[in-house]
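First comes the structure, then the notes that go with it.
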Amino acid sequence: MSRVIDMEISLPHSEANPDLERIARGRPGTPFAQSLPRPEGYGFANYGNVFRSKETAGAGKGATDDGGLVKLVEDMDRAGIQRGLLVGAENSATGRIHQAHPGRFFLFTTFDPLDGMRAVREFERLVKEEGANGLRLSALYNGVPANDRRYYPLYAKAAELDVPVRIYTAMNYANDRPYDLGHPRYLDDVAVDFPELRIVAGLAGWPWVNDMVGLLRRHPNLYVDTAAHHPRYFSQPGSGWEQFIQFGNTLLQDKVMVGLSRYLFGTSFESIIEQYKELPLKEKVLEKWLYGNAAEFFRLN
């Protein structure tokens with residue numbers, strides 16, 4: 001009798017996990033590649049090891065009865081915040097949130113770059129039918145740098161629709177992926193290939209601040225926001241923000257927008273705004289950072 005080694009014998013259908021089959025269908029890569037349990041503190045959990053200060057302890061946690069968007073809008077009104085870029089909402093909530101709170105939030109959609117033209121079509125629908133205000137991309141979560149060509153159909157559609165793109169631009173502390181996925185250098189290719197596209201570098205590019213400043217000077221439609229960074233560090237000697245403050249107060253004063261990120265610091269909008277007012281910025285520059293530049297970027301004027 002011949003000896004045989006069969007290199008592929010299919011599991012009987014009755015023994016297969018239907019959920020795994022559904023997840024794998026239509027996706028590239030090895031089917032059923034499930035992650036194993038990770039060591040404690042690994043990946044995104046490492047943020048808890050890096051940021052241990054009292055102000056960030058428990059950030060993003062707490063009771064679910066926080067007043068919701070109604071309370072958030074009340075807090076915005078109290079602090080004089082006319083509009084805000086709302087993060088954390090799913091694409092499907094775009095129209096509902098705009099309808100409930102017209103003119104108060106900018107809502108940017110986010111997509112998997114592997115979804116190709118399906119993502120492009122849905123992006124267009126959300127902008128035209130649900131009032132989506134732009135596109136948000138983050139290599140931190142999907143591991144695909146901003147200059148990867150799989151994003152290009154989305155960039156082209158954003159340029160065609162004349163809506164902006166916000167791109168995660170900063171070092172990350174998730175130690176299961178490259179630390180420089182959000183390096184500012186990836187923005188250069190995008191800005192070169194789509195010069196008319198309005199781009200905001202979210203999180204300001206730290207620790208590559210000098211690179212960020214250079215690119216802001218190089219590309220007319222590239223802007224930056226300060227989200228996730230406490231303002232008290234911007235003027236602290238040795239923090240790495242020296243060139244950001246120097247140019248943000250002079251040649252790049254029209255390029256900087258604030259991201260208050262109140263949820264990270266466990267404090268009020270008013271407290272963070274007051275700390276921006278304490279920075280060594282000219283009065284007219286401070287007004288631009290706090291309002292004018294964003295109004296120009298979003299064409300509210």
Side-chain angles (χ1 to χ4, degrees), residues 59-60 62-111 118-138 154-155 157-168 196-203 221 223-228 254-274 276 286-301:
T64 56
D65 186 14
D66 56 8
L69 289 176
V70 172
K71 176 63 163 55
L72 176 58
V73 170
E74 292 174 355
D75 292 347
M76 291 167 62
D77 288 340
R78 190 178 307 111
I81 299 172
Q82 295 189 8
R83 295 195 184 191
L85 198 160
L86 187 66
V87 297
E90 294 182 297
N91 292 348
S92 59
T94 300
R96 172 175 56 81
I97 293 174
H98 275 318
Q99 186 175 17
H101 306 280
R104 298 313 303 268
F105 298 110
F106 301 109
L107 290 157
F108 282 24
T109 59
T110 184
F111 294 97
R118 288 174 294 149
V120 172
R121 287 189 288 268
E122 178 62 4
F123 176 37
E124 182 172 27
R125 187 194 72 79
L126 286 165
V127 171
K128 291 183 175 180
E129 299 180 14
E130 304 292 333
N133 304 103
L135 177 68
R136 181 172 64 89
L137 302 176
S138 180
L154 287 166
Y155 292 144
K157 181 56 66 174
E160 178 186 323
L161 296 171
D162 195 23
V163 296
V165 178
R166 185 177 189 241
I167 300 175
Y168 172 84
E196 69 274 49
L197 182 63
R198 283 173 289 152
I199 304 169
V200 54
L203 283 63
N221 283 325
Y223 294 72
V224 67
D225 71 53
T226 62
D254 297 323
K255 292 293 198 83
V256 182
M257 303 178 279
V258 301
L260 301 181
S261 300
R262 179 185 71 158
Y263 67 98
L264 283 179
F265 307 125
T267 187
S268 65
F269 287 127
E270 293 92 332
S271 175
I272 302 173
I273 292 170
E274 283 303 312
Y276 271 100
L286 177 64
E287 189 280 332
K288 289 180 178 181
W289 279 37
L290 290 175
Y291 178 81
N293 292 339
E296 185 73 22
F297 182 79
F298 286 105
R299 298 177 177 165
L300 301 182
N301 298 329

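Here the closest non-hydrogen pair linking Val200 and Phe297 is CB-CZ, 4.0 Å. Residue Tyr276 comes nearest to Gly259 through the heavy atom pair OH-O, 4.0 Å, listed as atom of the first residue, atom of the second, then distance. For Val165 against Ala158, the heavy-atom pair with the smallest separation is CG2-CB, 3.8 Å. Ile97 and Leu86 make their closest contact through CD1-CD2, 4.0 Å (heavy atoms, listed as atom of the first residue, atom of the second, distance). Heavy-atom minimum distance, Leu107 versus Ala89: CD2-CB, 4.3 Å.
Checking side-chain atoms of Ser261 against main-chain N and O of Leu264 turns up no donor-acceptor pair under 3.5 Å. In this structure, the side chain of Thr94 engages the main chain of Asn91 through a donor-acceptor pair within 3.5 Å.
Counting heavy atoms from C-beta outward, Leu197 and Asn221 have side chains that stay 4.5 Å or more apart. Residues Glu270 and Arg262 form no side-chain contact, since every pair of their non-hydrogen atoms from C-beta on lies 4.5 Å or further apart. Looking at Phe269 and Ile81, their side chains come closer than 4.5 Å, going by heavy atoms from C-beta outward. Counting heavy atoms from C-beta outward, Phe105 and Val73 have side chains that approach closer than 4.5 Å. Proximity of Tyr291 to Gln82: side-chain heavy atoms (C-beta onward) are separated by under 4.5 Å at one or more points. Looking only at side-chain heavy atoms (C-beta outward), Val120 and Phe111 stay at 4.5 Å or farther from each other.
Note that NE2 of His98 and NE2 of His101 are 11.5 Å apart. Values are rounded to the nearest 0.5 Å. Of the inter-residue distances, the one linking Leu286 atom CG with Ile273 atom CD1 reads 10.0 Å to the nearest 0.5 angstrom. The CG atom of Leu126 sits 11.5 Å away from the OG1 atom of Thr110 when rounded to the nearest 0.5 Å. Lys255 NZ to Lys288 NZ: the interatomic distance, rounded to the nearest 0.5 Å, is 12.5 Å. Put simply, CD on Glu287 and CG on Asn293 are 8.0 Å apart, with the number rounded to the nearest 0.5 Å. For the atom pair Asp225 CG and Trp289 CH2, the distance stands at 11.5 Å (nearest 0.5 Å).
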For this session: Start with the C-alpha gap between Val258 and Leu260, add the side-chain angles, then the distance that decides, and say whether side-chain contact (heavy atoms from CB on, under 4.5 Å) holds.
Result: CA-CA 6 Å; Val258 301; Leu260 301 181; 4.0 Å; yes
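Among residues two or more places apart in sequence or in another chain, the side-chain contact (heavy atoms from CB on, under 4.5 Å) test is passed with Val127 by Phe123, Ala132, Leu161, Val163. Scored by the side-chain contact (heavy atoms from CB on, under 4.5 Å) test, Arg83 finds Phe106, Leu300 as partners (sequence neighbours excluded). Qualifying side chain to side chain donor-acceptor pair (under 3.5 Å) partners for Asp77, counting only residues two or more places apart in sequence or in other chains: Arg104.
No salt bridge links Arg78 with Glu74; every basic N to acidic carboxylate O contact stays at or beyond 4.0 Å. Note on Asp66 versus Lys71: no salt bridge recorded, every NZ/NE/NH1/NH2 to OD/OE distance being 4.0 Å or above. The pair Lys157-Glu160 counts as a salt bridge, with a side-chain nitrogen and a carboxylate oxygen less than 4.0 angstrom apart. The pair Arg125-Glu122 meets the salt-bridge criterion, since a charged nitrogen lies less than 4.0 angstrom from a carboxylate oxygen.
Geometrically, Arg166 does not engage Phe108 in a cation-pi contact, judged by NZ or CZ lying under 6.0 Å from the ring centre and within 45° of the ring axis.
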